[in-house]
Amino acid sequence: MVSSGFWVVFEGADGVGKTTQVELLAAHLRSSAGGAREVLTTREPGGTPLGVELRQAIMHGDHVAPRAEALLYAADRAHHIATKVRPALEAGTVVLQDRYLDSSVVYQGGARGLGDEVERISLWATEGMLPDLTVVLDMAPDPARMSRDLDRVERETIAKSEQMRQGFLARAALDPARYAVVDAARVVEAVHAAVVEAVTRAMGRPDALPLEPWGTP
Ligand code: TYD
């Protein structure tokens, strides 16, 4: 099945500004300067009504077993792609999405130690759907925080966000043509300009339109 839409996913550690950049890019692409495109913004987990319920289950206060957590993210993803993202792409819409499969690979596969199977589960859940471009918003842990006297919990939080960061960078390095790593440690407008440049370049790629983002995984 051939789609005329274009699918951009934003990834990165918590707090790098993904939501802001999704909104700014959406406004740009909807404007005449950006091509007056039809744009859908969405996110995982929680991009559909069922997803909102699954998100609540995942964020559930008590401990959730790591494999249960991975499957809840995959269930959210399967439903989100089948009922919202794929139909929008088939209708020619540009889809801008906050988090996707790489978040599962980095958080559940890496941080929770579930390994490579997490990626296979996600690919099964989505019938192999992969975005046209993944923008990794990259930011080193805040130097201002690092220079202070840190307690153990703060040190662990910083170490964890650096681990996430390296996870996303490693994913990007595997497929440079389909990833753009953007330095997110700058003012919002500068990050937005770099995002627009990367997305415009990707949309102009000869293989971009029409595209076949899904195949046999
Ligand atoms: P959210 O409040 O959306 O955070 P953010 O604004 O940083 O995206 O919560 C999403 C959380 O879920 C975030 O900590 C990352 C995590 N997550 C996973 O662990 N695995 C996944 O597959 C996804 C999509 C998110």
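We count ligands from 1, going down the list as the structure has it; atoms in each ligand are counted the same way.
At a 4.0 Å heavy-atom cut-off, ligand 1 does not touch Gln97 at all. Here Met164 has no heavy atoms under 4.0 Å from ligand 1, in either its backbone or its side chain.
Below 4.0 Å from some heavy atom of Arg77 lie the following atoms of ligand 1, by number and element: 21 (C), 22 (O), 24 (C).
Salt bridge annotation for Arg99-Asp14: present, with a cationic side-chain nitrogen under 4.0 angstrom from a carboxylate oxygen. Glu156 and Lys160 are not joined by a salt bridge, as no carboxylate oxygen comes within less than 4.0 angstrom of a charged side-chain nitrogen.
Looking only at protein heavy atoms, the nearest one to atom 14 (O) of ligand 1 is Asp14 OD2, 3.1 Å. Met59 CE, 3.8 Å is the protein heavy atom nearest to atom 9 (O) of ligand 1. Nearest non-hydrogen protein atom to atom 25 (C) of ligand 1 is Tyr73 CE2, 3.4 Å. In terms of protein heavy-atom proximity, atom 3 (O) of ligand 1 is closest to Arg55 NH1, 3.4 Å.
In Glu117, the CD atom is not crowded: 12 or fewer heavy atoms of neighbouring residues, nucleotides or ligands sit closer than 6.0 Å.
Residue Arg99 places at least one N or O, backbone or side chain, under 3.5 Å from an N or O of ligand 1. Taking distance alone, with nitrogen or oxygen atoms compared against 3.5 Å, Glu44 stays at or beyond that limit from ligand 1. The shortest N or O to N or O distance between Gln108 and ligand 1 is under 3.5 Å.
Residue contacts with ligand 1 do not include Glu69, since none of its heavy atoms lies under 4.0 Å from the ligand.
Contact annotation for atom 22 (O) of ligand 1: protein present (non-hydrogen atoms, distance under 4.0 Å).
Defined by atom type and a distance below 3.5 Å, a donor-acceptor pair is missing between the side-chain atoms of Thr134 and Arg171.
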